[in-house]
Amino acid sequence: MAMNYDLKADQVLKMLGYSEPMGEHFVNVFEQENHIKLPQCLKNFYTVAYNCPLLSTADIWTDRMWFLYEAIEEEIEEYKEVYGDNPEEGADDEYYQFTQFLSKIPREQWAEHVTNYLEIGSDYGAGVVIWGISIADLDKEDPLVYYLHEENEITDWEPLGCTLSEFFMLVVCDAILCRQYQTAQRVLKQKDIHCQLEDYDEVEATAKKLGLDTSAFKNQVLSWGKVVCGYDEDRNLLLVADINDNYNQLFRVCTLSVRK
């Protein structure tokens, strides 16, 4: 049987033993408290990814989400403590001036000046980039992902270049490949899942040997390179691979024996 590349991030997590719907309550409560309906692919992912140890050092929050407007409201209150009765001291702080402007108009009018986003994660360890989806896209099954760099204005969110389901898969692949942290190696070993991580110099020959189709690799937006995740039912193997010119290891492959 050919390699199946038509996988979703929540399916991969289930293959690795994270099959208990621990996040279903979290998702339901979030929807009820905020009077919204979340995209289906987000609900599917968080149902199994909630507090998932495999993703504890990944570029996504697995135990919380919040809206940009909520963050702005908190910062307005923090600025009150900083400047107090001397708002003129913040004359050179452009963000302070912007939040002051927002604080003086009804929240219903904020959308005329800044788009609200549902924030779902940030780059782990540095926290200089935030990932989110526009609230205008919450009714879409698989909306686009946007990002905000800390050096940009709060109104300057930019498209990341992938949909939410693609973003989730990239996050999971990044974690499994241990490009930044060895978390996956440790937690999968604790689950008695055989996880073999190897680096190669030759891409085409190695891919052919492993049965990987290099044309199935997709551009990776979280770091430079391309990534693919496929499942071989005959061998009961999950293979995650990454071609990345920015590392000494050109071709990294993780082979996992998964449970049926």
Side-chain angles (χ1 to χ4, degrees), residues 8-11 13-14 18-81 95 98-124 127-148 150 154-160 162-172 175:
K8 301 297 183 184
D10 55 291
Q11 292 176 303
L13 292 179
K14 289 177 182 177
Y18 300 100
S19 56
E20 293 296 326
M22 299 297 293
E24 187 172 350
H25 176 71
F26 164 73
V27 169
N28 290 339
V29 170
F30 189 88
E31 286 185 320
Q32 292 169 8
E33 290 183 345
N34 292 281
H35 308 289
I36 61 169
K37 185 174 178 59
L38 295 170
Q40 189 60 48
C41 69
L42 186 148
K43 295 170 68 172
N44 292 343
F45 178 75
Y46 272 91
T47 295
V48 294
Y50 180 72
N51 274 337
C52 178
L54 179 72
L55 303 177
S56 61
T57 52
D59 288 343
I60 196 168
W61 307 320
T62 61
D63 60 350
R64 64 193 187 279
M65 295 180 288
W66 58 70
F67 291 99
L68 175 61
Y69 283 9
E70 294 176 346
I72 292 175
E73 288 177 331
E74 290 182 2
E75 287 163 344
I76 288 174
E77 294 302 316
E78 290 176 0
Y79 272 130
K80 288 181 180 179
E81 296 181 5
Y95 184 61
F98 183 65
T99 59
Q100 280 292 98
F101 165 73
L102 292 178
S103 70
K104 295 175 182 178
I105 63 175
R107 178 165 167 164
E108 292 75 20
Q109 296 179 14
W110 284 15
E112 300 174 12
H113 307 279
V114 57
T115 300
N116 196 7
Y117 289 86
L118 175 63
E119 300 180 6
I120 58 175
S122 62
D123 53 320
Y124 186 84
V128 299
V129 177
I130 297 175
W131 326 109
I133 55 177
S134 170
I135 63 164
D137 294 338
L138 288 182
D139 60 343
K140 298 179 180 179
E141 184 175 342
D142 192 13
L144 293 176
V145 178
Y146 293 80
Y147 74 96
L148 178 69
E150 67 175 5
I154 198 169
T155 55
D156 293 339
W157 287 72
E158 299 180 25
L160 187 59
C162 64
T163 66
L164 193 56
S165 63
E166 291 171 333
F167 176 74
F168 288 148
M169 179 60 87
L170 291 172
V171 167
V172 170

Problem - Sole candidate of E24, E31, E141 that passes salt bridge (Lys or Arg N to Asp or Glu O under 4.0 Å) when paired with K43 - result: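 With K43 as partner, salt bridge (Lys or Arg N to Asp or Glu O under 4.0 Å) holds for just one option, E31.
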*Working to the nearest 0.5 Å, report the span between CZ of F168 and CD1 of I60.*
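Going from CZ on F168 over to CD1 on I60, the span is 4.5 Å.
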>> Any heavy-atom pair between the side chains of C41 and K8 that's under 4.5 Å?
In response: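 No, every pair of side-chain atoms sits at 4.5 Å or beyond.
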Query raised in the report: Do S122 and W61 come within less than 4.5 Å of each other through their side chains, counting heavy atoms only?
Result: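 Yes, their side chains come closer than 4.5 Å.
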Nearest heavy-atom neighbours spanning L102 and W110:
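Minimum heavy-atom contact is O-NE1, 2.9 Å.
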TODO: Measure across D59 and W131 and return the closest heavy-atom pair with its distance rounded to 0.1 Å.
DONE: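 It is O-NE1, 3.0 Å.
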Looking at every heavy atom in both Y69 and V114, which two are closest together, and how far apart are they?
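Distance-wise, the nearest heavy atoms are OH-O, 2.6 Å.
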Legend entry - Pairwise distance CD1(I120) to OG1(T62) - rounded to 0.5 angstrom: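 It comes to 12.0 Å.
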- [ ] Look up atom SG in C162 and atom OH in Y146, then write down how far apart they are to the nearest 0.5 Å.
- [x]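 Output value for this atom pair is 11.5 Å.
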State whether the side chain of D123 and the backbone N or O of V129 hold a donor-acceptor pair below 3.5 Å, judged by distance alone.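 Present.
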**Message:** Nearest 0.5 angstrom please: Q100 CD to I76 CD1, how far?
**Reply:**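 It is 7.5 Å, given to the nearest 0.5 Å.
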Query - Heavy-atom check, side chain of L68 versus side chain of W157, under 4.5 Å - result: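 Result yes, sub-4.5 Å side-chain heavy-atom pair found.
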TODO: Could you check V172 against F45 for side chain to side chain contact (heavy atoms under 4.5 Å, CB included), going step by step and ending with a plain yes or no?
DONE: CA-CA 11 Å; V172 170; F45 178 75; 4.0 Å; yes
Are P39 and L138 side-chain neighbours, meaning at least one heavy-atom pair lies under 4.5 Å?
->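 Touching, per the 4.5 Å side-chain cut-off.
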>> I'd like to check I130 versus Y147 (side-chain heavy atoms, cut-off strictly below 4.5 Å). Are they in contact?
In response: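 No, too far: nothing below the 4.5 Å cut-off.
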Fill in: Rounded distance (nearest 0.5 Å) linking atom NZ of K140 with atom CG of L42
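The CG atom of L42 is 15.0 Å from NZ of K140, to the nearest 0.5 Å.
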| Just how far is it from atom CG of N51 to atom CE of M22, taken to the nearest 0.5 Å? |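 With rounding to 0.5 Å, CG (N51) is 8.0 Å from CE (M22).
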Where L118 and I135 come nearest, the two heavy atoms and their spacing:
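Taking every non-hydrogen atom into account, N-CG2, 4.3 Å.
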### Message
Y95 vs I72, test: side chain to side chain contact (heavy atoms under 4.5 Å, CB included). Steps then yes/no.
### Response
CA-CA 10 Å; Y95 184 61; I72 292 175; 3.9 Å; yes
**Asked** Angle class for the F26/Y46 ring planes (parallel below 30°, perpendicular above 60°, tilted otherwise)?
**Response**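 Because their plane-to-plane angle lies in the 30° to 60° range, the rings of F26 and Y46 count as tilted.
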Heavy atoms only: give me the nearest A175-L54 pair and the separation to one decimal.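 What the structure gives for the nearest pair is CB-O, 3.9 Å.
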Can you label the angle between the H113 ring and the F101 ring as parallel, tilted or perpendicular, going by 30° and 60°?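 Aromatic pair H113/F101 classed perpendicular.
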message: For the backbone of P106 and the side chain of Q109, can you confirm whether one donor and one acceptor N or O come within less than 3.5 Å of each other?
response: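 No, the answer is negative, given that no donor and acceptor are paired below the 3.5 Å cut-off.
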Self-check item: Validation row: F67, E73 side chains within 4.5 angstrom (heavy atoms)
Solution: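 Heavy-atom side-chain distance check fails, nothing below 4.5 Å.
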Discussion item. Could you report the tightest heavy-atom contact between D10 and N44, atom names first, then the distance?
Written reply: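 It is CB-O, 3.6 Å.
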